[in-house]
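Structure record follows, encoded as structure tokens.
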Amino acid sequence: MSAAVILSSSPGLAQERANDLLNGKPPPTGTGMLVAGSILTGVGAVNLLTSPLCKTSMVPRDTQGVCLGSSLAIGGVFAAVGLPLLFVGISRHNNYVEWKRNRAVALLTDVGVTPTPGGAALTWNASF
């Protein structure tokens with residue numbers, strides 16, 4: 001029994017399928033959307049949670065209505081924009097992690113058995 005490691009410049013079958021699906025490019029990581037969504041959702045949540053302060057003695061009575069309305073409107077808009085960004089970012093990041101995991105598994109499991117005159121050879125293909 002013999003073993004052989006073959007390094008070739010051509011990608012393995014599993015890697016070819018992954019590259020074909022994405023035209024050779026990895027999917028987006030979603031990090032930008034996660035960061036932007038987190039910031040906007042956080043600012044919106046703070047505005048919404050502190051809006052009851054507008055009805056306290058900290059704010060002059062004649063501007064309490066404007067303060068409450070603007071806090072709710074601004075907080076609602078920021079949360080309405082931030083939450084979808086956050087959810088799309090999470091989805092994209094999960095797709096990226098799955099792609100990365102499948103790519104690593106494909107690279108590690110690209111093992112084959114090749115018949116040789118004296119029996120068989122264990123091969124492993126890797127590309128770089």
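Remember, it's a predicted structure, so these values are computed and weren't measured experimentally. The first residue of the sequence shown is numbered 1, and numbering continues consecutively from there.
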Contact between [X] and [Y] at the side-chain level, heavy atoms closer than 4.5 Å - yes or no?
{"X": "P60", "Y": "T63", "answer": "yes"}
{"X": "P28", "Y": "Y96", "answer": "no"}
{"X": "L53", "Y": "T50", "answer": "yes"}

### Query
Which distance, rounded to the nearest 0.5 Å, do you find between the OG1 of T41 and the CZ of F78?
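Output value for this atom pair is 10.5 Å.
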
### Query
Hey, what do you get for OG (S38) to CE (M33), rounding to the nearest 0.5 Å?
12.5 Å

### Query
L86 pairs by side chain to side chain contact (heavy atoms under 4.5 Å, CB included) with which of I39, L34, V81, V35?
L34

#### Entry: Sole candidate of L85, L83, V77 that passes side chain to side chain contact (heavy atoms under 4.5 Å, CB included) when paired with L40
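That would be L85; it is the only one of L85, L83, V77 passing the side chain to side chain contact (heavy atoms under 4.5 Å, CB included) with L40.
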
### Message
Taking salt bridge (charged side-chain N to carboxylate O under 4.0 Å, His left out) as the cut-off, I'd like each qualifying pair that reaches into residues 77-96, sequence neighbours left out, listed once.
### Response
none

Would you find a donor on one side and an acceptor on the other, under 3.5 Å apart, between the side chain of [X] and the backbone of [Y]?
{"X": "S51", "Y": "L48", "value": "yes"}
{"X": "S71", "Y": "L68", "value": "no"}
{"X": "T29", "Y": "H93", "value": "no"}

#### Entry: Which residues share a ring pair (Phe, Tyr, Trp, His ring centres under 6.0 Å) with F87, sequence neighbours left out
none

### Task
Write down the atom of P26, the atom of W99, and the distance for their closest heavy-atom approach.
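Smallest heavy-atom distance, with atoms named: CB-CH2, 3.2 Å.
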
### Query
If you look at every heavy atom in P84 and A80, which pair is closest and at what distance?
CD-O, 2.9 Å

